[in-house]
Amino acid sequence: MAEQQADPLAEWRLRQEPYYQPVGHEIAAFDAARTARLPLLLKGPTGCGKTRFVEHMAWRLQLPLITVACHEDLSASDLAGRWLLDAQGTRWMDGPLAQAVRHGGLCYLDEFMEARADTTVLLHPLADTRRVLSLERCGELLHAHPDFQLIVSYNPGYQGIHRELKPSTRQRFVAMNFDYPDPPTETGIVQREGLASSELAGQLVRFAVRTRHLRDEGLEEGASTRMLVHAALLARAGLSPHDATMQAIADPLSDDPDVGAVLRALVLASF
Ligand code: ADP
């Protein structure tokens, strides 16, 4: 208990250094945004390394990282906090955002496009020069700790059913674009993360690059780095490269029978 009071965000600290292979100038870009105290918007396809990058930065900065996956049922009070009733009576409990603001940490809101309007509006005074979070329900105006930083991410290729960020939200952030790493870099990542030989990692990356050109065939998004790592791990667990790629990539990627047939043919041609 005493330990918890000494570091209220202890549970959000990373215990191990996350492996991250830089792919461009993203570390300098992050550092500049942090120095300028500007919130960050990370844009890029799913599974291309956005979350890993944020984990890496949290580790470098030795700051806790509070991650929240946004969805349409996430309310402003899920982020800000709520009153709880227990044996001692009612007490206020900070939500994850309020904890990061109060004690100083990185707050990473993943799938930000899925967030409801009341959630995004809550962020406005936090994401501009005011750097405050209004905890209306407990009557407190929280001034952000100097270490607090807001980071949100979304995939511009997939915007859910109907969503668009409002200009008033969008314009408070500085953006960083992410994409799949170049093939040699991605091969190195798959080798390391998937414990794969360079030959298999290279084959997987070449296959992935081909799937990323299948938009015209109806595939919204091709194989991500994450999927390549999964395939490599299945191969390491004993599957043939063909079966591992089917199971980790081709089958999960699409339910459409025509796209499925194209992917199966591509797997056969590649392994
Ligand atoms: P997202 O963009 O969806 O947040 P993640 O950061 O979770 O994607 O990346 C998915 C996986 O891909 C990671 O768990 C990691 O194995 C691998 N990965 C992608 N890019 C990198 C990178 N630059 N360095 C190390 N691992 C990476």
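What you see is a predicted model; the values in this text were computed from it and never measured. As the structure lists them, so they are numbered: ligands from 1, and atoms in each ligand from 1.
Between P181 and ligand 1, no pair of N/O atoms sits closer than 3.5 Å. In terms of polar-atom proximity, Y108 is not counted as a contact of ligand 1, lacking any N or O under 3.5 Å from an N or O of the ligand. Between G47 and ligand 1, a contact under 3.5 Å exists for at least one N or O pair. Between R226 and ligand 1, at least one N/O pair is under 3.5 Å apart.
Heavy-atom minimum distance, E72 versus R116: O-CD, 2.8 Å. Nearest heavy-atom pair across A244 and A235 is CB-N, 3.8 Å. Residues F178 and G49 share a closest heavy-atom pair of CE2-O, 4.4 Å.
Neither the backbone nor the side chain of F53 comes within contact range of ligand 1; no heavy atom lies under 4.0 Å. If you look at E193 next to ligand 1, the close heavy atoms, those under 4.0 Å, all belong to the side chain. When heavy-atom distances to ligand 1 are checked against a 4.0 Å cut-off, I189 comes that close only through its side chain, counted from C-beta outward.
Proximity to T46 (heavy-atom distance under 4.0 Å) selects the following atoms of ligand 1: 3 (O). Here is the list of ligand 1 atoms found below 4.0 Å of a heavy atom in Y19: 25 (C). Interface of Q21 with ligand 1, defined as ligand atoms under 4.0 Å from a residue heavy atom, comprises 22 (C), 23 (N), 24 (N), 25 (C). Within ligand 1, the atoms closer than 4.0 Å to a non-hydrogen atom of R52 are 6 (O), 13 (C), 14 (O), 15 (C), 16 (O), 26 (N), numbered from 1 in the order shown.
One distance of note links CG of L204 with CE of M227; it measures 12.0 Å at 0.5 Å rounding.
Atom 2 (O) of ligand 1 has K50 NZ, 2.8 Å as its closest protein atom, hydrogens excluded (heavy atom only). Looking at atom 4 (O) of ligand 1, its nearest protein heavy atom turns out to be T51 OG1, 2.5 Å.
For the pair L40/M57, no side-chain contact is recorded, criterion being any heavy-atom separation below 4.5 Å from C-beta on.
Using cut-offs of 30° and 60° for the angle between ring planes, the Y20 and H56 rings count as tilted.
Summarising the local packing, CD of Q62 is surrounded by more than 12 heavy atoms from other residues, nucleotides or ligands at distances under 6.0 Å.
Side-chain atoms of R215 come within 3.5 Å of backbone N or O of E220 as a donor-acceptor pair.
Cation-pi geometry between R212 and Y180 is met: under 6.0 angstrom from the ring centre, within 45 degrees of the axis.
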